[in-house]
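Written out below as structure tokens is the structure these notes cover.
Predicted model only: the values in this text are computed from it and were never measured. Side chains included, hydrogens not; waters and symmetry mates left out as well; all remaining heavy atoms used. Per chain, numbering begins at 1; letters A, B, ... match sequence-line order.
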There are 2 protein chains.
Amino acid sequence: MAQKQVSIREIAELSGVSVATVSRVINNNGRFSETTRQKVMAVIREQGYETNAMAKGLRMRKSNTVGIVVPDLNNSFFADLVEKIEQQLFETGYSTIICDTARDPYKEAGYLKMLEAKLVDGLIVISGLKEFDSQQLSRHVPIVCIDRKPNTNKIKYIGSDHYKGAQLATEKLISAKTNPVLLAGSRDSPSLIDRIKGYQDTLSKNELPADNTSVIRLTEEEEQTPDTRRSALREILRKLMTKSQPPIGIFAVSDTLAADVLIAAHSMFISVPSDLKVIGFDDAPIARYCYPELTTIRQNTDEIAVRATSYLVSAIQGKTEQNSSINKLVDVSLVNRSTV
Amino acid sequence: MAQKQVSIREIAELSGVSVATVSRVINNNGRFSETTRQKVMAVIREQGYETNAMAKGLRMRKSNTVGIVVPDLNNSFFADLVEKIEQQLFETGYSTIICDTARDPYKEAGYLKMLEAKLVDGLIVISGLKEFDSQQLSRHVPIVCIDRKPNTNKIKYIGSDHYKGAQLATEKLISAKTNPVLLAGSRDSPSLIDRIKGYQDTLSKNELPADNTSVIRLTEEEEQTPDTRRSALREILRKLMTKSQPPIGIFAVSDTLAADVLIAAHSMFISVPSDLKVIGFDDAPIARYCYPELTTIRQNTDEIAVRATSYLVSAIQGKTEQNSSINKLVDVSLVNRSTV
DNA sequence: AATCAAAAAGTAAACGCTTAATATACGTTT
DNA sequence: AAACGTATATTAAGCGTTTACTTTTTGATT
């Protein structure tokens, strides 16, 4: 069975030096001669020694690990973002614990406890239902929130310019001669609020009624499964088609939602983009698998990933980097494809 | 800053008992009186004490953590599977380190070292380029491979019945009066081999030529980006359309590939399913976002996730559970949607 | 009241590592 | 040849737990 993992002690004995020396050689700190270095390294290689992360972590009071908290790995926007962040962190020498909360606050709390117990050195929190409450952690570690507002300014916030994104989307829909409607899920989030505001402001600026009648929210039951979601969407489309002249324009606040709209439309033989124009948000991988390919607002996940990790890493390492650009919102752009 | 994490020692002092007693209370083992239990628990709650996982791990020589190695989180089949496994493990009290290797053997090796250093208690390896080589680990831990053959029978293999899936797909295509073609990516994998075999055997059984001319593989460059992939696919479709009478039938060995085929077809104004019939594999979330919705072979990810975790957990806990069903391949089924 | 077993609590070592404090060896300079 | 500085190596403590072993307390039985 489980052959005993070789420890630094045995390396020390085998190479005829003390553990301290071995440790110094491994971490290349303190002083030692070239001869011993070679001797020790040889033994290490020969024995396939790997340093025990728990012992090291215990001693150093850090784990070289960061936690990522994400609502749903099956959402292609999140998956994309997580993958990029994880890649960045890997390159920087950190390992990552990915926690899929399934939007369950209980599960989220459980994960936070676990991450804390594991002494993660930092935390990246992506989206989520409400404000991120730092009180949940008892120990202070650097945290960055992506598209989720923290409850204290000690936590770094990084996010796209949702307001501008909504402006772009709305303008696009208006200039396509539609009377746009905004479509969102049941869940509130800070970024949704920005988007709705951008949408409504743009409406007003164009002298269109900016009341709440044109923002449509799915209910919680409706969005439960793909099927309920789609039938709700069909109902919404039906109403829209009777109430106003085609083409109608829908600004869906996420690409997945937009994708569902398209599916619903197909099943009703509504043709896109002639009778229905749809614009999504995210430019998630799925956007390119929609038919027609989805016109959408692109969030720059590369940029977000880079900013999040580089900030986090320097915060962990105690550098209070004063890069001013890091406080600006991440820019957003319209990508024209075939649904408008 | 970082307020000191309270340790078991302080809990002990505050409640006027020894650390050993506190430890006993926390883990509910050994003997202690109800009075002390309450006293200690009160202090623990009051102080927000959380046991230090590294210290515990060091002492116990285990981490309550399992690693998941996955080629690509952006593939909706993998994301789905990982999400389910992770959920299972969370419920069982294990935490999960998800490692996205991006199909890079170097990255994979790096991750394995890291997982080992972190003393993971078990490992789940999903798919991947070639045999999984257990030699990469120097310490023995329970491992389960999903859709990836291990190089030793000490490692548990779990996988769908790919052969049968291919049969079902091929028969479906044949009975839809097409002369089926199999379409695959450049990468070989054990499951692909099974699928090709199932495909060819079914061809033979129906007295159709089962040579290799009807299996089409994308080259590595072709599948690099969505765009190269799609233009390669358009080229393939073009050839197919000239060479034989519509309708043509394509058995794509994954849903993502099938989705790309559909996109390519749309851009060429080939109508599905009248002129082109496509059947995918996996029944990944994306299948329902294709247009038309994708007919495909369903892999039962729930079942796979349950088997993988329940086997792994019992192996970790030293139970050599003799559930015979666990050695059978996971069953697979045809789901009829709209592309055939 | 004395005895004793069972229950409750305590002591201390060990898990594998890093590092401050020390010790030793080795040339140089006087 | 003594003295000293420098480079190199060792000793030992401590990170926060668990647990085998030991000690103390409790309460029932004689």
Side-chain angles (χ1 to χ4, degrees), chain A residues 2-41 43-44 47-65 113-114 116-121 138-139, chain B residues 2-41 43-44 47-65 116-121 138-139:
Chain A
Q3 69 243 44
K4 193 166 176 310
Q5 178 119 328
V6 301
S7 77
I8 203 177
R9 178 183 213 104
E10 335 201 15
I11 300 298
E13 278 162 13
L14 286 167
S15 38
V17 299
S18 72
V19 278
T21 303
V22 175
S23 172
R24 289 214 193 78
V25 169
I26 289 170
N27 300 295
N28 194 33
N29 78 23
R31 302 189 158 311
F32 47 85
S33 72
E34 178 59 18
T35 347
T36 39
R37 215 206 94 242
Q38 304 221 338
K39 208 168 39 180
V40 170
M41 282 315 244
V43 178
I44 284 178
Q47 297 289 317
Y49 167 81
E50 196 69 36
T51 134
N52 180 320
M54 312 222 90
K56 181 165 188 164
L58 176 59
R59 178 64 229 238
M60 309 287 281
R61 316 176 115 270
K62 62 195 287 295
S63 58
N64 262 275
T65 300
K113 283 221 168 310
M114 181 274 274
E116 202 164 7
K118 291 228 154 108
L119 302 187
V120 290
D121 300 338
S138 63
R139 222 167 52 98
Chain B
Q3 68 243 49
K4 192 166 177 307
Q5 178 117 330
V6 301
S7 79
I8 202 177
R9 178 184 214 104
E10 334 199 17
I11 300 298
E13 280 162 11
L14 286 167
S15 37
V17 299
S18 72
V19 280
T21 302
V22 176
S23 173
R24 288 207 194 87
V25 169
I26 289 170
N27 300 294
N28 194 32
N29 79 23
R31 300 183 148 352
F32 48 84
S33 72
E34 178 59 19
T35 345
T36 39
R37 217 206 93 241
Q38 305 221 337
K39 208 169 40 180
V40 169
M41 283 314 243
V43 178
I44 284 178
Q47 298 290 315
Y49 167 81
E50 197 68 36
T51 133
N52 180 320
M54 312 224 90
K56 180 164 189 166
L58 174 59
R59 177 64 227 240
M60 310 286 280
R61 315 175 119 272
K62 63 195 285 295
S63 59
N64 262 275
T65 300
E116 204 165 4
K118 292 228 154 111
L119 303 186
V120 290
D121 300 338
S138 64
R139 221 167 55 99

Residue mapping more 5' on DNA chain D - nearest nucleotide basis, N52(B) or R24(B):
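It is N52(B), whose closest nucleotide lies nearer the 5' terminus.
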Nearest-Å distance, [atom1] ([X]) to [atom2] ([N])?
{"X": "K56(B)", "N": "dG16(D)", "atom1": "NZ", "atom2": "C1'", "value": "12 Å"}
{"X": "N64(A)", "N": "dC17(C)", "atom1": "CG", "atom2": "P", "value": "15 Å"}
{"X": "L119(B)", "N": "dC15(C)", "atom1": "CG", "atom2": "P", "value": "14 Å"}
{"X": "M60(A)", "N": "dA13(D)", "atom1": "CE", "atom2": "P", "value": "20 Å"}
{"X": "I8(B)", "N": "dT19(D)", "atom1": "CD1", "atom2": "P", "value": "11 Å"}
{"X": "R59(A)", "N": "dA14(C)", "atom1": "CZ", "atom2": "C1'", "value": "16 Å"}
{"X": "R9(A)", "N": "dC17(C)", "atom1": "CZ", "atom2": "P", "value": "11 Å"}
{"X": "K118(A)", "N": "dG16(D)", "atom1": "NZ", "atom2": "C1'", "value": "16 Å"}

Taking only the side-chain heavy atoms of Y49(B) (C-beta and beyond), determine which of dA12(C), dT19(C), dT17(D) contains the nearest atom.
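Nearest nucleotide to the side chain: dT17(D).
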Please tell me which of the listed nucleotides, dG16(C), dG10(C), dT17(D), lies nearest to the side chain of V17(B)?
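Per side-chain heavy atoms of V17(B), the pick is dG10(C).
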Please confirm whether the shortest side-chain N or O distance from [X] to OP1 or OP2 of [N] is below 4.0 Å.
{"X": "R31(B)", "N": "dA7(C)", "result": "yes"}
{"X": "T36(A)", "N": "dT8(D)", "result": "no"}
{"X": "S7(B)", "N": "dG16(D)", "result": "no"}
{"X": "N29(B)", "N": "dT19(D)", "result": "yes"}

Per the atom types in the model, does the base of dG16(C) pair as donor or acceptor with the side chain of R61(B) at under 3.5 Å?
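It does not, because no donor-acceptor pair links the side chain of R61(B) to the base of dG16(C) below 3.5 Å.
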Under 4.0 Å, heavy atoms only, any strand: does S23(B) hit a base, just the sugar-phosphate, or nothing?
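The residue S23(B) makes base contact.
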Show the nearest heavy-atom pair for residues S63(A) and K118(A), with the distance to one decimal.
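S63(A) and K118(A) have their closest heavy atoms at CB-O, 3.6 Å.
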Locate the shortest heavy-atom distance separating R24(A) from R31(A); write the atom from each residue and the value.
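Heavy-atom minimum between the residues: CD-N, 3.8 Å.
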Determine whether I8(A) and Y49(A) make a side-chain contact, defined as any pair of heavy atoms from C-beta on separated by less than 4.5 Å.
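Result yes, sub-4.5 Å side-chain heavy-atom pair found.
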Beyond-backbone contact of N52(A) with S7(A), side-chain heavy atoms, under 4.5 angstrom:
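Answer no - side chains too far apart.
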Which comes earlier along DNA chain C counting from the 5' end, the contact point of N27(A) or that of E34(B), where each point is its nearest nucleotide?
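Its nearest nucleotide lies further toward 5', so the answer is E34(B).
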Mapping E50(A) and T21(B) onto DNA chain C by nearest heavy atom, which one lands closer to the 5' end?
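Per heavy-atom nearest nucleotide, the more 5' residue is T21(B).
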Do E116(A) and S138(A) have side-chain N/O donor and acceptor atoms under 3.5 Å apart?
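Present: a donor and an acceptor within the cut-off.
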